[in-house]
Amino acid sequence: MPSIAIVGAGPGMGLAIARTFGSRGFDVALVARNPDKLADLTGRLDAEGMSAAAFPADVLDHEALTRAVEDAATRFGGIDVLEYSPAGSLASAPLTAPSATAPSDVRWAMDLLLHGAIAATRAVLPAMREAGAGTLLYTNGAGSIDPVPMLGNLNAAQAALRNWVLGLHKELAGTGVKAAHVAIGAWVGPDGPPGVPAAPAEDIAPLYWDLHTRRDDVERVFTV
């Protein structure tokens, strides 16, 4: 069976993506910081007849993240799709406007978004290159394309991740391995701030399957 590793898995996008791929015969590896929450997610997927396993790791601990993804590959005989989406870690993050941003205000976001993505990718890409097949998917905010001033430090890191993904896509052309970027311009779920456009994760998750199966596409932007 093919397999997908979802890094930063939570009850929103992570679970929706897991269901999208798991219902199509994929084994699902869930990687996130909280073992109890991972156990709940794997239990829900198991109850729905899908094959899932948990691999606890903090995405900010890049060595632990690498080990978790490698353990998932060992468990399932390889990783065919990597999806990186640590958005849940941003809930309590300090946000700054561009003119008020200090280097330290960007550092944490770069570590979470770009550096974590690089670490997870390095754990799976060599095997994908050798196999001549694989998909690398990265979830981001729409501010990576059209920045919002109040999110200045976060948008800078999001733009860096997008730039890296698009460059990786070009580098991997012709290898059978694909990298693609998803920019979400909405609050995911029902509990967003007043006046902010929102959408259920289930409406967004099909974009990931489209990017996996349509090999020439490099990016999807979701808006409401």
Side-chain angles (χ1 to χ4, degrees), residues 3-18 21 27-42 45 52-76 79-95 103-128 134-144 151 153-165 168 179-184 188-189 201 204-205 208:
S3 62
I4 181 171
I6 300 173
V7 178
M13 281 309 312
L15 181 59
I17 294 168
F21 282 80
D27 291 322
V28 178
L30 302 177
V31 181
R33 179 174 53 187
N34 190 310
D36 293 334
K37 291 181 179 179
L38 284 178
D40 176 66
L41 296 178
T42 55
L45 293 170
F55 301 87
D58 188 337
V59 296
L60 290 172
D61 183 340
H62 300 144
E63 291 185 1
L65 173 57
T66 297
R67 287 194 299 271
V69 176
E70 289 175 345
D71 288 346
T74 299
R75 166 72 179 271
F76 290 125
I79 298 297
D80 299 280
V81 179
L82 171 72
E83 191 278 324
Y84 186 81
S85 54
S89 303
L90 299 173
S92 60
L95 301 172
S104 60
D105 295 320
V106 180
R107 191 172 296 121
W108 65 265
M110 291 288 286
D111 203 31
L112 177 70
L113 295 174
L114 180 60
H115 301 161
I118 291 171
T121 301
R122 287 172 61 87
V124 299
L125 184 53
M128 288 182 175
T135 302
L136 305 163
L137 302 172
Y138 304 87
T139 301
N140 212 346
S144 60
L151 307 177
N153 58 332
L154 176 59
N155 286 170
Q158 290 175 326
L161 173 61
R162 178 176 183 261
N163 182 277
W164 179 79
V165 173
L168 182 62
H181 179 259
V182 179
I184 300 175
V188 180
I204 307 171
Y208 295 80

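Keep in mind the model is a prediction, meaning the values are calculated, not measured.
The shortest heavy-atom contact between Val7 and Ala120 is CG2-CB, 4.4 Å. When all heavy atoms of Val59 and Gly8 are compared, the pair lying nearest together is CG1-N, 4.5 Å. Nearest heavy atom pair, residue Ala157 against residue Leu113, reads CB-CD1, 3.9 Å. Annotation for Val81 and Met128: closest pair N-CE, 4.2 Å, computed over non-hydrogen atoms. Of all heavy-atom pairs spanning Ala205 and Ile17, the tightest one is CB-N, 4.1 Å. Annotation for Leu161 and Leu114: closest pair CA-CD1, 4.1 Å, computed over non-hydrogen atoms.
Between Leu82 and Leu125, every side-chain heavy-atom pair lies at or beyond the 4.5 Å cut-off. Looking at heavy atoms from C-beta onward, Arg75 lies in side-chain contact with Phe55 at the 4.5 angstrom threshold. At a threshold of 4.5 Å between non-hydrogen side-chain atoms, the residues Ile6 and Phe21 do not count as touching. Considering only heavy atoms from C-beta on, Ile204 comes within 4.5 Å of Met13 through its side chain.
Distance check, rounded to the nearest 0.5 Å: CG of Leu112 to CD of Gln158 gives 10.0 Å. Interatomic distance, CZ of Arg67 versus OG1 of Thr74, reported as 13.0 Å (0.5 Å rounding). In this structure, the separation between CG on Asn153 and CH2 on Trp108 is 5.5 Å, given to the nearest 0.5 Å. Put simply, CG on Asp40 and CG on Leu45 are 9.5 Å apart, with the number rounded to the nearest 0.5 Å. In this structure, Tyr84 OH and Leu137 CG are separated by 14.0 Å, a value rounded to the nearest 0.5 Å. Atoms CZ and CG, on Arg33 and Asp61 in that order, are 11.5 Å from each other to the nearest 0.5 Å.
Residues in residues 153-164 take part in these salt bridge (Lys or Arg N to Asp or Glu O under 4.0 Å) pairs, two or more places apart or across chains: Arg162-Glu219.
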Take Tyr208 and Ile4, measure what side-chain contact (heavy atoms from CB on, under 4.5 Å) needs, and give me the verdict at the end. CA-CA 11 Å; Tyr208 295 80; Ile4 181 171; over 6 Å; no

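With sequence neighbours left out, the side-chain hydrogen bond (donor to acceptor under 3.5 Å, both in side chains) criterion links Ser144 to no other residue.
The aromatic rings of His62 and His115 sit perpendicular, their planes meeting at an angle over 60°, well past the 30° parallel limit.
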